[in-house]
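Here's the structure we're looking at; comments come further down.
None of the values given here were measured: they were computed from a predicted structure.
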Amino acid sequence: MELVKAIPLGAILSGVISLIVGSQGSHGGQMAIHMAELVDYRFWWSWPLFFVGTGLAWGIMMLQR
């Protein structure tokens, strides 16, 4: 159940950091930030950052059990 709760937190972390780094014209090196498009909406996104943020949130929630 904690993993389901951690997924939105990982998405928020990835979205915020990708927006900050991507809007400055950088690709973030290992973070692999790129412009994603969903229907008519464009936004900065990073899959590695999403997985790291989700894992971090999941780990913190598991420690609080």
(request) Could you tell me which residues satisfy side chain to side chain contact (heavy atoms under 4.5 Å, CB included) with Phe43, sequence neighbours excluded, listed by chain and number? (result)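 Expected list: Ala36, Leu38, Tyr41, Trp45.
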(request) Please name all residues satisfying side chain to side chain contact (heavy atoms under 4.5 Å, CB included) with Ile7, sequence neighbours left out, ordered by chain then number. (result)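 Partners of Ile7 by the side chain to side chain contact (heavy atoms under 4.5 Å, CB included) criterion, ordered by chain and then number, come out as Phe50, Thr54.
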(message) As a quick check of understanding, evaluate side chain to side chain contact (heavy atoms under 4.5 Å, CB included) for Leu9 and Lys5, giving each step before the final call.
(response) CA-CA 7 Å; Leu9 295 174; Lys5 293 183 213 175; 5.9 Å; no
(message) So for atom CD, which belongs to Gln30, do other residues, nucleotides or ligands contribute more than 12 heavy atoms lying within a distance under 6.0 Å?
(response)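 No, because the 6.0 Å sphere around CD of Gln30 holds 12 heavy atoms or fewer from other groups.
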(message) Surrounding NE2 of His34 (heavy atoms of other residues, nucleotides or ligands, distance under 6.0 Å), is the total greater than 12?
(response)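 Enclosed.
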(message) How close do Ala57 and Ala6 get, counting heavy atoms only, and between which atoms?
(response)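 Nearest heavy atoms, Ala57 then Ala6: CB-CB, 3.9 Å.
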(message) Counting C-beta onward and ignoring hydrogens, is there a side-chain heavy-atom pair between Met61 and Met1 closer than 4.5 Å?
(response)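 Of all side-chain heavy-atom pairs linking Met1 with Met61, none is under 4.5 Å.
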(message) Would a single hydrophobic cluster contain both Ile60 and Leu3, if residues Ile, Leu, Val, Met, Phe, Trp and Tyr are joined by side-chain heavy-atom contacts under 4.5 Å?
(response)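 Cluster IDs for Leu3 and Ile60 differ.
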(message) Looking at Gly15, is its backbone amide N or carbonyl O close enough to the side chain of Ser18 to form a donor-acceptor pair, meaning the two atoms are under 3.5 Å apart?
(response)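 Flag not set: sc Ser18 to bb Gly15 has no pair under 3.5 Å.
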(message) Would you compute the distance between atom CG of Leu63 and atom CD of Glu2 and round it to the nearest 0.5 angstrom?
(response)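 CD of Glu2 is found 11.0 Å from CG of Leu63.
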(message) Through direct or indirect side-chain contacts below 4.5 angstrom among Ile, Leu, Val, Met, Phe, Trp and Tyr, which residues connect to Leu49?
(response) Leu13, Ile17, Leu19, Val21, Met31, Ile33, Met35, Trp44
